[in-house]
Amino acid sequence: MKTLLLAMLLLSGFAQAADTPVRNVPTVNQRMKAARDAIAKSDWRTAKFETQNVVSEEPGNADAHNLLAFSYRKQDKPDLAKAFEYYKIALKLNPQHKGAHEYIGEAYLMDRKPAQAAQHLADLEKICGNRSCEEYQDLERAIAAYRKANP
């Protein structure tokens, strides 16, 4: 009798499980792709949502911290405090992260701190081993444009 009761309980659990809708949770890679797609469309709200989920799931993901910071910086009303917070986490996790160095340098220019931007340019030169990597060149152009606009 106990065996029959146990079997019925187990089987009823399987029947419920079959009726319960399955929720497909996106993987970290899917979320990062969704964030990059959102960034390409300047959809900062979606980009922040996706990268915040990645950061929650993988707090050691420097790329997610970098993209989250980028989204805070690029949104209609930039939140530089949040951007700096996440760029610094990205660089703490990966001090060689070229994208984070470029983007934090650009954030420093937005914050009118060209000396800090120049330091990240120097860091990029060391990381890249030259001045020809894309991140170095982008930040170099941004600093030159800043200096031209702010003599």
Side-chain angles (χ1 to χ4, degrees), residues 10 12-150:
L10 287 173
S12 70
F14 286 121
Q16 281 182 335
D19 292 343
T20 305
V22 176
R23 185 170 172 243
N24 290 329
V25 177
T27 65
V28 165
N29 287 338
Q30 289 169 329
R31 287 197 181 280
M32 289 295 284
K33 182 185 181 322
R36 286 184 178 97
D37 290 347
I39 287 169
K41 297 174 189 170
S42 298
D43 180 358
W44 309 117
R45 191 171 142 258
T46 299
K48 287 189 302 185
F49 174 80
E50 296 296 350
T51 52
Q52 285 167 337
N53 280 303
V54 174
V55 164
S56 293
E57 193 172 326
E58 288 186 1
N61 188 323
D63 290 334
H65 285 280
N66 181 51
L67 292 182
L68 181 54
F70 184 85
S71 299
Y72 275 112
R73 179 170 67 91
K74 292 297 227 172
Q75 64 189 4
D76 290 336
K77 290 186 177 183
D79 186 338
L80 289 180
K82 283 284 191 188
F84 283 122
E85 175 186 342
Y86 287 105
Y87 284 135
K88 288 175 182 179
I89 293 170
L91 290 170
K92 184 176 182 185
L93 292 168
N94 179 2
Q96 306 294 306
H97 198 291
K98 293 186 280 189
H101 279 286
E102 174 190 345
Y103 296 151
I104 197 172
E106 291 172 358
Y108 278 123
L109 294 175
M110 291 175 71
D111 203 26
R112 306 187 67 71
K113 296 179 179 172
Q116 285 91 332
Q119 180 55 55
H120 285 279
L121 185 66
D123 291 341
L124 278 168
E125 184 176 6
K126 291 176 195 166
I127 293 164
C128 296
N130 57 46
R131 295 179 177 189
S132 63
C133 73
E134 180 181 350
E135 295 83 0
Y136 179 93
Q137 292 179 351
D138 289 347
L139 183 54
E140 183 180 45
R141 278 191 293 274
I143 290 171
Y146 176 88
R147 289 186 175 145
K148 184 176 182 180
N150 300 281

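Since this is a predicted model, take the numbers as computed values, not measurements. In what follows, every heavy atom counts, from backbone to side chain, and hydrogens, waters and symmetry copies are set aside.
At least one donor-acceptor pair under 3.5 Å links the side chain of Asn53 to the backbone N or O of Phe49. At distances below 3.5 Å, not a single donor-acceptor pair connects side-chain atoms of His65 with backbone N or O atoms of Gly60. No side-chain donor-acceptor contact under 3.5 Å links Asn66 to the backbone of Ala62.
Two residues are said to be in side-chain contact when any heavy atoms from C-beta on lie closer than 4.5 Å; His97 and Asp63 meet this criterion. Counting only heavy atoms from C-beta outward, the side chains of Ile39 and Ser71 approach each other to under 4.5 Å. Residues Thr46 and Lys41 are not in side-chain contact: their nearest non-hydrogen atoms beyond the backbone lie 4.5 Å or more apart. Contact of the Tyr103 side chain with the Leu139 side chain is not registered, since no non-hydrogen atoms from C-beta on lie closer than 4.5 Å. Contact annotation: the side chain of Leu91 approaches that of His120 to within less than 4.5 Å [non-hydrogen atoms, C-beta and beyond]. Proximity of Tyr146 to Arg112: side-chain heavy atoms (C-beta onward) are separated by under 4.5 Å at one or more points.
We find the CD-CZ distance between Glu50 and Arg45 to be 11.0 Å, quoted to the nearest 0.5 Å. One distance of note links CG of Asn130 with CG of Leu124; it measures 10.5 Å at 0.5 Å rounding. Rounding to the nearest 0.5 Å gives a distance of 9.5 Å between NZ of Lys82 and NZ of Lys48. Leu121 CG to His101 NE2: the interatomic distance, rounded to the nearest 0.5 Å, is 11.0 Å. Here the CG-CD distance, from Asp123 to Glu135, works out to 13.0 Å after rounding to the nearest 0.5 Å. We find the CZ-CD distance between Arg73 and Glu106 to be 4.5 Å, quoted to the nearest 0.5 Å.
For the residue pair Cys133 and Lys98, the shortest heavy atom distance occurs at SG-CD, 4.4 Å. The two residues Arg31 and Pro26 make their nearest non-hydrogen contact at NH2-CD, 3.7 Å. Pairing each heavy atom of Ala83 with each of Ala69, the nearest pair is O-CB, 3.3 Å. For Pro59 against Leu93, the heavy-atom pair with the smallest separation is O-CD1, 3.6 Å.
Aromatic ring pairs are classed by plane angle as parallel below 30°, tilted from 30° to 60° and perpendicular above 60°; the pair Tyr72 and Tyr86 is parallel.
Taking a 6.0 Å sphere around CZ of Arg141, one finds it holds more than 12 heavy atoms contributed by other residues, nucleotides or ligands. No more than 12 heavy atoms of other residues, nucleotides or ligands lie within 6.0 Å of CD in Glu134, so this atom counts as exposed by the packing criterion.
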Just do the salt bridge (charged side-chain N to carboxylate O under 4.0 Å, His left out) check on Lys33 and Asp37 with the steps written out, would you? CA-CA 6 Å; Lys33 182 185 181 322; Asp37 290 347; 2.8 Å; yes
Pair Phe84, Tyr108 - check ring-ring contact (aromatic ring centres under 6.0 Å, His included), show working. CA-CA 9 Å; Phe84 283 122; Tyr108 278 123; 4.6 Å; yes
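Paired with Leu68 under the rule side-chain contact (heavy atoms from CB on, under 4.5 Å), one option of Ile89, Thr51, Asn61 passes, and it is Thr51.
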